Every structure is written in structure tokens, then in C-alpha cells.
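Working notes, beginning with the structure itself.
These numbers come from a predicted model, not from an experiment.
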Amino acid sequence: MAYERLPGFNVANHYEKKKLLIAINCIAALSIFFFGYDQGMMAGVNNAKNYIDLMGYGYVDPDTQEPVVTDSLLQGGIVSVYYLGTLFGCLIGGFVGDKVGRIKTIAFGCVWALIGASLQTSAQSHQWMICARAVNGIGTGILNAIIPVWATETAEHTSRGQFIAIEFTLNIFGVVVAYWLEFGLSYIDGGASAFRWRFPIAFQIIPLLFLFAAVWFFPESPRWLVKMDRHDEALYILKRLRGGEGADLARARKEFGEIREIAALELTEAAQGKNSYFHMLFGIGSGELHTGRRVQLVIWLQILQEWVGIAGVTVYAPEIFRMAGFDTAKSQWISGLNNIFYMFATLVCVFTLDRIGRRWTLYWGAVGQGTALFLAGGFSRLAQDAASSSQKSSYGAAAASFVFIFTSVFGATWLTVPWLYPAEIFPLQVRAKGNAWGVFGWSIGNGWLTLLCPVMFEAIGENTLHIFAACNFLAIPIVWALYPESNQRTLEEMDFLFAAPTPWTWDAERTFKRLKAEKEEDQAAAAAKTGNVSGGYTEEEDAKV
């Protein structure tokens, strides 16, 4: 019997269509805000005198009040162990998400992150902090593996990119909040108190508590419900998401029918019991679904996201600002202003991603970022070789301006697409695990460069920016040849997009067109036979669900 409402209090019982989608987007954005805040938080914590003394990796110079690191491996290890946690957390989140659903997995990730945040806030030694950072990373990995999946599975295919792009504006807003909160706290007791670093860590508990309390009142993904044979509940939620009257209702029924059809097809196509991470990585038993190919694409796209330069600019920007003639206090202001520009630049993606597509977003982003990095590196060298202080300041200011340009272009392009693509392209049977592989690639790329960047800048200085610039231009042919366009295609059509026997995008597009045309012919023939001219799920079939 068809559902008339979901049991208990659920926002899907009270809102529908745009209002319901906005509500889901807000709760997903809360998780992404936590993710951004958690990433940005450690930059300020690492400069707190009490924290440096407690962790034992350096001291604060009594004259300049500048941190002096005597054990860079320990400092970097405390930061990078977080990414080791996210690496394992995403795999846990993907497995649990496909087993027990998106909502319960989000709550599960909140618990892990809350424990990690509490342990970090109360840390008394570097050993304690390392363990706490790893636990917190596991929680973040779980949330990052499941939140984009839940968001994309509820959004409409025509605005899916906008849906995720808005959330990542909140991601950078989290970075901005972390930066300015810690900047303000640096003036309390001359920046020497424990409050300067313990409060910012504890602050992340607030969005986590809200997320944990609220997520139980939100609808489960209708696609996961179909996968679990809970068809009546799935159809009700789809009607609330798309509309329950007229053309909206017909569209919801059509989408429901397509989800059921593709879920049955994937079960037939993929060998039973061969949906483990190991089988996915090597594409064992996936047949024409080519799951292994999709896994490789999302892992390397996330690694590429780091190698286009965001990690390097984050490390090197303060040095560039100092070369521009800014003292330490002004450099902090400029860095904070750069983060604000970064945040507003993400809004560009909100309006362009669904219009020009994923591929063209990556293309123009790579060109803009690569050009900005080449020029930032060149002007940095000119500033270092300048004969006078005025020349040094001028060249440094030019380099600083290109840092602003780079971060703005990155926020408008490469920030969002590598997170959206993994949540879009995987089969329903393994979608959470598939997205987890994307987070796995991000963890590798971020953790790797967190440790490698300081070494590279120490060894070759501003030439590190030139390496990252070259990676941007290298990314263009990689995306062109290997990454087919997912824009304006339903999640159920992704299996057609990756059905080609070769990895090349031109073969993918050719095969997609052929399979979609065949499907439309079959639907037309079936509609003619049954009299269901809409080709969708009929009202009579509602009662049989």
C-alpha cells in the first residue's frame, strides 16, 4: 500500500519540491561547513604558544613573537595524521552507507567526529593529539563519503551541480570562520593562553551536535530505499521531492520507474558478492558497468585537485605576502582577506556548473590557475632578486595579486567538481563505496602534499609553483580524454555513459547515445503495447508497490 506520510516527525511530511530540497541542502551544508572549519582550524592552532609548548615541536621567539619549529616532522605529523584518519573513515563510511542507509551513516560519522573533537580539545601531549586527530579524521571521512551521495541522490539532475556547489560555499565559509576566530583569539593574553587553541577546536562540536540532532528528521535517499526493496517509502519521498500533482507527479513516477529498472539491471550485471572495495578497485565481476574504471577516475581526479596547486599556495602564500612588504600582522589580514575572496568565488560555480558542465569548468579553471601560478612564481623570484626594497615590494605585490587570482579561480572551478563527480557516476549498488574512493584519493593527495610541500619549497623555492602550474596544463588533456561529461544526465543514465569497452570519452559518448536511443525505442514499444503513453510509473501501479 502506498505511503500517505512517513512515520513520526519528518520534514518530508511538511515540505515538498524546492522547500524540501533547500532543507536537505542546509543540513548537508552543515556537514560541509564542519569539514571546511576542521581543515582551516589547524593553521591558527599551530601558531598558539601554549599549544607549541605542550606539543613540544618548537617555541615562540620572545623578541619577534614568531613561532620557531624545531621538529617539523612532529608538527607535520600531527596535521597529516588527520588525513590518514579520513582515508580509513571514507572506506568505513562507504561500506556502512550502502548497508544501513545515508541517514544513519551521517549520524554515525557525527559520533566519531564528536569523540575526536572532544579528545583534541582536552589533549595533554602530542601522543594524545595524534590519536585524537586520527579519530576526528575517521569521522570526517565517514561524513565526506556519504553527504555528497545523499545530496546528489535527492537533487534533480538538472540542478545537481548547483546543489553541491552551494554546499562548498559553506565549506570555504568554514575556513573563513576558523581563520578569523583564531585571529581574534590571538589577542587574548597576548596569544599565550590555552584558550587560544582549545576553544577553536571545541567550537567544531557545535555544528556536529546540530547535525546529529537534526538529520534523524530528514528523509532517506529514495534510491537507497529502492535498492533495499522499500519501494513504497521511496516513491512517497520522490513525490515529495519532485511534486505530487500533474506533470510533477508524472515526472516523479517516471524517475521511480527508471530507478527500479536500473537497480534490477545492476543486480543482474554485477556478479553477486563482488561489490567489495577490492573487487571495485580492480573491476572484478562488474561486467559492462566498468566499476574499476570509475574508481580510478575519481581517485586520480581528487589527487589532481591537490596537484593543481591549492596545497602549495596555502603553504607559500604567507611568504609571498611578506615579500610584498607586509609585516606579520598585515600578512595575517591579507591571508584572511584572500580566504574571503576564495569563499565568494565559489558562488561562480553555483551559476555556471550546470550550464557549461563539469569538463569545461575544469578546463577554464586549469588555464586560469596554471597561468596565475606561473606568474606568481615568476614575480616571487623577481622579488627575491630585486636590487631595492621598492622593487621587492612591487614584485611581491604582483605575486600576491596572482595568489588571490589563483584561489578565486580554484574556488570557482576545481574545488567543487572533484567532489561532485564521484557522487554522480557510480552504480546505485555501490554508490556510497564509489564516493568513498573519491575521498580516498583526496586523503592521499592532501596527506602527501601536506608532508611534501614544505620539503619542496625548502629545496626549490618558488619553482614549486611552476611545477603545480605545469600540472594544471597537464590536467587538461587528461580530463579531455578520460572524463566523460556527467552534466544534465540522470544518475540512472551513468551506466550507459560508462558502458563503452574503452576508457576514451569519445567512445563513451558514442555508446551513451546508442544505448539511450535503444532504451527510448523499447519504452515507446512498451508504451504502445500497454497504452501508457507517458512511459512512466502509472497511478494503478502505485497501489501495487
Return a table of donor-acceptor pairs under 3.5 angstrom between the side chains of residues 471-478 and protein atoms on other chains or two or more places apart.
unit_1: Asn472; atom_1: OD1; unit_2: Gln369; atom_2: NE2; d: 2.7
unit_1: Asn472; atom_1: ND2; unit_2: Val308; atom_2: O; d: 2.7
unit_1: Asn472; atom_1: ND2; unit_2: Phe468; atom_2: O; d: 3.0

Plane angle bin for Trp480 and Trp506 - parallel if under 30°, tilted between 30 and 60°, otherwise perpendicular: tilted
Side chains of Thr407 and Asn338, donor plus acceptor under 3.5 Å: yes
Between Tyr82 and Thr140: side-chain donor-acceptor atoms closer than 3.5 Å: yes
Set of residues satisfying side chain to side chain donor-acceptor pair (under 3.5 Å) with respect to Arg489, sequence neighbours excluded: Glu509
side-chain hydrogen bond (donor to acceptor under 3.5 Å, both in side chains) contacts in which one or both residues fall within residues 27-37, not counting sequence neighbours: none
Full working for side-chain contact (heavy atoms from CB on, under 4.5 Å) between Met41 and Val45: CA-CA 7 Å; Met41 173 191 70; Val45 169; 4.0 Å; yes
Nearest atoms (heavy-atom pairs only) where Thr86 meets Ser443: OG1-OG, 2.7 Å
Sequence-distant partners of Leu185, side chain to side chain contact (heavy atoms under 4.5 Å, CB included), two or more places apart: Leu181, Ile188, Phe195, Arg196, Phe199, Pro200
For residues 431-439, run the donor-acceptor check on the side chains, cut-off 3.5 Å, and write out each pair with its distance to 0.1 Å, sequence neighbours left out.
unit_1: Arg431; atom_1: NE; unit_2: Phe426; atom_2: O; d: 3.2
unit_1: Arg431; atom_1: NH1; unit_2: Glu153; atom_2: OE2; d: 2.8
unit_1: Arg431; atom_1: NH2; unit_2: Phe426; atom_2: O; d: 3.2
unit_1: Lys433; atom_1: NZ; unit_2: Asn275; atom_2: O; d: 2.9
unit_1: Asn435; atom_1: OD1; unit_2: Ala423; atom_2: N; d: 3.4
unit_1: Asn435; atom_1: ND2; unit_2: Asn144; atom_2: O; d: 3.1
unit_1: Asn435; atom_1: ND2; unit_2: Ala145; atom_2: O; d: 2.7

Neighbour count >12 (heavy atoms, 6.0 Å) for atom CH2, Trp180: yes
Thr152-Glu424 side chain donor-acceptor pair, cut-off 3.5 Å: no
Qualifying residues under salt bridge (charged side-chain N to carboxylate O under 4.0 Å, His left out), relative to Glu462, sequence neighbours excluded: Arg381
Trp300-Tyr483 aromatic ring centre distance below 6.0 Å: no
Close aromatic pair by centroid cut-off 6.0 Å: Phe374 and His466: yes
